[in-house]
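Written below as structure tokens is the structure these notes are about.
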Protein chains: 2
Amino acid sequence: MQVLSYTEENYIKGLFQLTIEAGDKTEAGTNEIASHLGIKPASVNDMLKKLKDKKLIQYEKYGKSSLTKEGKKLAVDIVRKHRLWETFLFEKLAFSWDEVHEVAEQLEHIQSKKLIDKLDQFLNYPSADPHGDPIPNAKGELVIEARKSLVTEEVGHTCKMVGVKDNSAAFLQYADSLGLAINQRIKIKSRQAYDDLMEIEVKGVRNRISPKFAEHIIVVCNDCNKQH
Amino acid sequence: MQVLSYTEENYIKGLFQLTIEAGDKTEAGTNEIASHLGIKPASVNDMLKKLKDKKLIQYEKYGKSSLTKEGKKLAVDIVRKHRLWETFLFEKLAFSWDEVHEVAEQLEHIQSKKLIDKLDQFLNYPSADPHGDPIPNAKGELVIEARKSLVTEEVGHTCKMVGVKDNSAAFLQYADSLGLAINQRIKIKSRQAYDDLMEIEVKGVRNRISPKFAEHIIVVCNDCNKQH
DNA sequence: TATAAATGTTAGACTAACCTAACAAATTTT
DNA sequence: AAAATTTGTTAGGTTAGTCTAACATTTATA
């Protein structure tokens, strides 16, 4: 498995986020990648050619890009490192939920297989990071549970929060203020037909939230799986 | 306090090692820095000018270089990070003594004051890394105990190993095979006048070691401080 | 002290990763 | 389907950090 530069790693990871992780599509355009990474399309274009030469992505002139098997393997490895470090920061160093991402962005580039496997062991092989995102195992396998957005949840159901789609500090702090955290149970009390505001109950406290906000809360729901 | 590039940090750290830490001199030449960092003198020359402009080093054409107060502060900070990470790897992740350095070389460049202060706390504010080298505190203060090389120790004295001067795997593994470790007591049994080989006793086991080897073992000795 | 050796500097070139400006292709809108 | 817009590419330039080769200065040695 080839070793990538810091920059190459960021491109591969970005492409992973835009394709495999986003769910709704399997390839990404040059401009899209550019705005995701905060780099100009012209620069991205250069890198796409380079990554194609290295057989890490599929790319044709004027076409969209996607990861090859090899590229995906490398990307999953970076994601694994990122999420293990986030878990470490949150659980062992008492970082708050909204602080872990920025530091993990740096730590994910440390090259040492032994380090990351030992870290995994030290953290007792966690299956999800503080945001609820799944952590790939050492073999690169990523177990994705059946998850949905809170906004699609039915009234009367109780679900469990497992993640978020928005990592901005503003969003995370807002969530925090509502008592929302990973593994927190949420009961849907009602939904207002006029403006779609949802009323939820968290730790006995009721709050009304916008669909825009609910959209970015990821949950799993046993009630939804029940046959009745 | 300015933020340095990865490369600039390595130069500042290298200069710190060659001057402040080496003990026997306070400035270093261009070729010396070059061979220490594994970079050609011509490249070092460029960087010295750059670091001088940033007021991190004192340097005049054809002269030797040394750190300014500002440069030293930054260097101590890097050393602090390096040694805290080594301690983490050794104590929490069960890395062996001779494996920690390489990974810490990468980790020392992570930029996050909060991270390093939390790590310090997590490790319970250690005063020395697995090699016995002192860890500067958060204020950048570095407490250096009275230490000497094992090669200068007197026959009959018992001393305590606190560090090494050679971080090569070969050296560290050799030390390990003799039972030598941080905080290990060492008794000097004899010294052969003909070839200067020292006979030492470690955990009841006697071995003869070369002055070349003993030179790189750092000890503290109470016997030496006694008046008699 | 004159010369040789070691040390340090300069000039010019290269690579990775970025940029801007201009152009080309594809897609969407009218 | 022609025009307008969006998207993608190319050419040429910049910066950081490296290199080699040639040159300059300082230090050591005969």
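Note that the structure is a prediction, hence the values are computed from the model and not measured. Convention: sequence-line order gives letters A, B, ...; per-chain numbering from 1. What you see below is based on every heavy atom in this structure, not just the backbone, and it leaves out hydrogens, waters and symmetry mates.
- Which of dG8(C), dC18(C), dT18(D) sits closest to the side chain of K64(B) comes down to dG8(C).
- Residue N45(B) contributes atom CG, which lies 15 Å from atom P of dA24(D) at whole-angstrom precision.
- Of the candidate nucleotides dG8(D), dT9(C), dC19(C), dC19(C) has the atom nearest to the side chain of S43(A).
- In this structure, E102(A) places its CD atom where only 12 or fewer heavy-atom neighbours from other residues, nucleotides or ligands lie under 6.0 Å away.
- Between the CD atom of E9(B) and the C1' atom of dA16(D) there is a distance of 15 Å, rounded to whole Å.
- Comparing dT18(D), dG8(C), dT10(D) by their nearest atom to the side chain of I39(B) picks out dT18(D).
- To the nearest angstrom, P of dT7(D) lies 16 Å from CG of L48(A).
- Residue contacts for T30(B): at a heavy-atom cut-off of 4.0 Å it reaches the sugar-phosphate backbone alone, with no base atom in range.
- Between E108(A) and R83(A) there is no salt bridge, since no side-chain N of the basic residue sits under 4.0 Å from a carboxylate O of the acidic one.
- Minimum atom distance to the side chain of A42(B) is reached by dT10(C), of the listed dT10(C), dC18(C), dT10(D).
- The listed nucleotides are dC19(D), dT10(D), dT9(C); the one nearest the side chain of K49(A) is dT10(D).
- Side-chain atoms of Y62(B) lie closest to dG8(C) of the nucleotides dG8(D), dG8(C), dT10(C).
- Ring geometry for H216(A) against F171(A) counts as perpendicular: the plane angle is over 60°, on a 0 to 90° scale with 30° as the lower cut.
- In this structure, the CG atom of L51(A) is 12 Å from the P atom of dA16(C), given to the nearest Å.
- Closest of all the heavy-atom pairs between A214(B) and M198(B) is CB-SD, 3.8 Å.
- Contact check, K61(A) against dA24(C): no side-chain N or O comes under 4.0 Å of OP1 or OP2.
- With dT18(D), dT9(C), dT20(D) as the candidates, the nucleotide lying closest to the side chain of D46(B) is dT18(D).
- For the pair M47(B) CE and dC19(D) C1', the interatomic distance rounds to 14 Å; values are reported in whole Å.
- The residue Y6(B) sits apart from the nucleic acid: no heavy atom pair falls under 4.0 Å.
- E27(A) places its CD atom 14 Å from the C1' atom of dT7(D), with the value rounded to the nearest Å.
- Y59(A) comes within contact range of the sugar-phosphate backbone alone, with a heavy-atom separation under 4.0 Å but no base atom that close.
- The listed nucleotides are dT9(C), dT7(D), dC18(C); the one nearest the side chain of N31(A) is dT7(D).
- Rounded to an integer number of Å, the gap from K52(A) NZ to dT9(D) P is 11 Å.
- For the pair E21(A) and K13(A), the salt-bridge criterion is not met [side-chain N within less than 4.0 Å of a carboxylate O].
- If you take CD1 of I33(A) and P of dC18(C), they are 13 Å apart, rounded to a whole angstrom.
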